[in-house]
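Structure record follows, encoded as structure tokens.
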Amino acid sequence: MEFAPLPLEFYSQTSLQLAEQLIGKLLIKETDEGIAAGFIVETEAYAGPEDRAAHSYNNRRTARTEVMFGPAGYIYTYQMHTHCLVNVVAATVDVPQAVLIRGVEPYIGIDLMKRRRGESKTDRELTNGPGKLCKALGITMGDYGHCVIEKPLWISEGRTFSDVATGPRIGIPNSGEAKDYPWRFYVSGHPNVSKG
DNA sequence: TGAACGATTTGT
DNA sequence: CAAATCGTTCAA
């Protein structure tokens with residue numbers, strides 16, 4: 001197969017390491033409407049019990065966060081207001097870490113993405129945000145708990161980006177000192193990175 | 001620039 | 001039951 005899934009072992013590292021490693025990888029979603037995929041250009045690491053910005057802070061375990069306590073390489077989808085955000089579980093069993101996908105570069109199925117997001121959207125507007133890329137790729141709460149090494153939603157080797165920068169995470173102003181941790185990774189100057 | 005949207009979880 | 005949240009869109 002052309003876009004072979006990465007091995008499950010790849011995800012068994014800390015969320016910080018995984019967030020950096022995921023830059024450039026290809027995120028693929030296949031539905032009955034067709035196939036859509038994009039290169040990951042922006043991620044954020046959430047480090048579990050000690051990270052005040054994480055849903056799993058202080059080992060908070062609910063129906064929503066349950067999947068983060070399982071093995072690495074599973075999808076953690078989370079609904080915020082009217083939108084769906086997608087994370088990949090990192091680390092190992094009982095260590096609730098995850099990496100948020102915040103931006104991708106459209107690669108396959110751009111016409112399908114435009115149909116989902118609105119025909120008037122530019123390629124940049126299609127996927128330059130965590131909720132936007134979920135809608136463009138057709139990722140929903142139905143993908144919660146899915147294993148990322150098999151269809152219809154998986155990640156394969158992609159492209160290499162040379163200019164990867166780090167900075168504070170976005171949208172967590174009320175998380176004490178955790179809001180300043182440089183746990184956001186992004187391709188510098190890339191159009192599909194959120195919040196220029 | 002600002003308000004509406006509304007699933008899940010926490011705090012009164 | 002009220003408020004806050006890893007966000008996006010539309011209206012002025």
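Just so we're on the same page: letters track the sequence lines, and every chain starts at 1.
Between A:Arg184 and A:Glu42 there is a salt bridge, since a side-chain N of the basic residue sits under 4.0 Å from a carboxylate O of the acidic one. Between A:Glu33 and A:Arg115 no salt bridge is recorded (no basic side-chain N to carboxylate O distance below 4.0 Å).
Within the 4.0 angstrom heavy-atom criterion, no nucleotide atom of any strand lies near A:Lys135. Within the 4.0 angstrom heavy-atom criterion, no nucleotide atom of any strand lies near A:Arg169.
Taking atom CD1 of residue A:Ile139 and atom P of nucleotide C:dT8, one finds them 13 Å apart after rounding to whole Å. In this structure, A:Tyr181 atom OH and C:dC6 atom P are separated by 15 Å, rounded to whole Å. The OH-P distance, from A:Tyr46 to C:dC6, rounds to 7 Å in whole Å. The distance between atom CZ of A:Arg184 and atom P of C:dG7, rounded to the nearest whole Å, is 11 Å. Rounded to whole Å, atom P of C:dC6 lies 19 Å from atom CZ of A:Phe185. One atom, OH of A:Tyr57, and another, P of C:dC6, lie 14 Å apart when rounded to the nearest Å.
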- Item | A:Thr43 and A:Ile23: CA distance, side-chain angles, deciding distance, side-chain contact (heavy atoms from CB on, under 4.5 Å) verdict | CA-CA 7 Å; A:Thr43 62; A:Ile23 296 290; 4.0 Å; yes

- Message: side-chain contact (heavy atoms from CB on, under 4.5 Å) for A:Val104 and A:Asn192? Distances and angles first, verdict last.
- Response: CA-CA 6 Å; A:Val104 305; A:Asn192 292 107; over 6 Å; no

- Run the side-chain hydrogen bond (donor to acceptor under 3.5 Å, both in side chains) check on A:Thr14 and A:Gln17 step by step: do they pass? CA-CA 5 Å; A:Thr14 68; A:Gln17 295 171 315; 3.2 Å; yes

- Start with the C-alpha distance between A:Val67 and A:Val89, add both sets of side-chain angles, then the distance that settles side-chain contact (heavy atoms from CB on, under 4.5 Å), and finish with yes or no. CA-CA 8 Å; A:Val67 70; A:Val89 176; 4.3 Å; yes

- Message: Let's go through A:Gln13 and A:Leu18 carefully: what are the C-alpha distance in whole Å and the side-chain angles of both, what is the deciding distance for side-chain contact (heavy atoms from CB on, under 4.5 Å) to 0.1 Å, and is it a yes or a no?
- Response: CA-CA 6 Å; A:Gln13 49 186 328; A:Leu18 185 60; 3.7 Å; yes

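Of the residues A:Arg102, A:Lys179, A:Arg169, A:Lys195, the one that meets the salt bridge (charged side-chain N to carboxylate O under 4.0 Å, His left out) test with A:Glu44 is A:Arg102.
In terms of the ring pair (Phe, Tyr, Trp, His ring centres under 6.0 Å) criterion, A:Phe69 has no residue partners (sequence neighbours excluded). Contacts of A:Tyr78 classified as ring pair (Phe, Tyr, Trp, His ring centres under 6.0 Å), with partners at least two apart in sequence or in another chain: A:His55.
Taking CG from A:Leu137 and CZ from A:Arg117, the interatomic distance works out to 10.5 Å, rounded to the nearest 0.5 Å. Taking CE from A:Met141 and SG from A:Cys134, the interatomic distance works out to 10.0 Å, rounded to the nearest 0.5 Å.
When the side chains of ILVMFWY residues are joined at heavy-atom separations under 4.5 Å, either directly or via intervening members, A:Trp154 and A:Ile139 end up in two distinct hydrophobic clusters.
One finds a side-chain N or O of A:Asn174 lying less than 4.0 angstrom from the OP1 or OP2 phosphate oxygen of C:dT5.
Atom C1' of C:dC6 sits at a distance of 23 Å from the matching atom of B:dT1, rounded to the whole Å.
Cation-pi geometry between A:Arg64 and A:Tyr144 is not satisfied (NZ or CZ under 6.0 Å from the ring centre, within 45° of the ring normal).
Against DNA chain B, the stretch residues 74-92 of chain A makes heavy-atom approaches under 4.0 Å through A:Gln79, A:His81, A:Thr82. Less than 4.0 Å separates DNA chain B from no heavy atom of any residue of residues 99-121 of chain A.
In DNA chain C, runs of at least 3 stacked Watson-Crick or G-U pairs (N1-N3 plus N6-O4 or O6-N4, or N1-O2 plus O6-N3, all under 3.5 Å) give these stems: B:1-5 with C:7-11, B:7-11 with C:1-5.
Of all nucleotides in DNA chain B, those with any atom nearer than 4.0 Å to a heavy atom of chain A start and finish, going 5' to 3', at B:dC5 to B:dT10.
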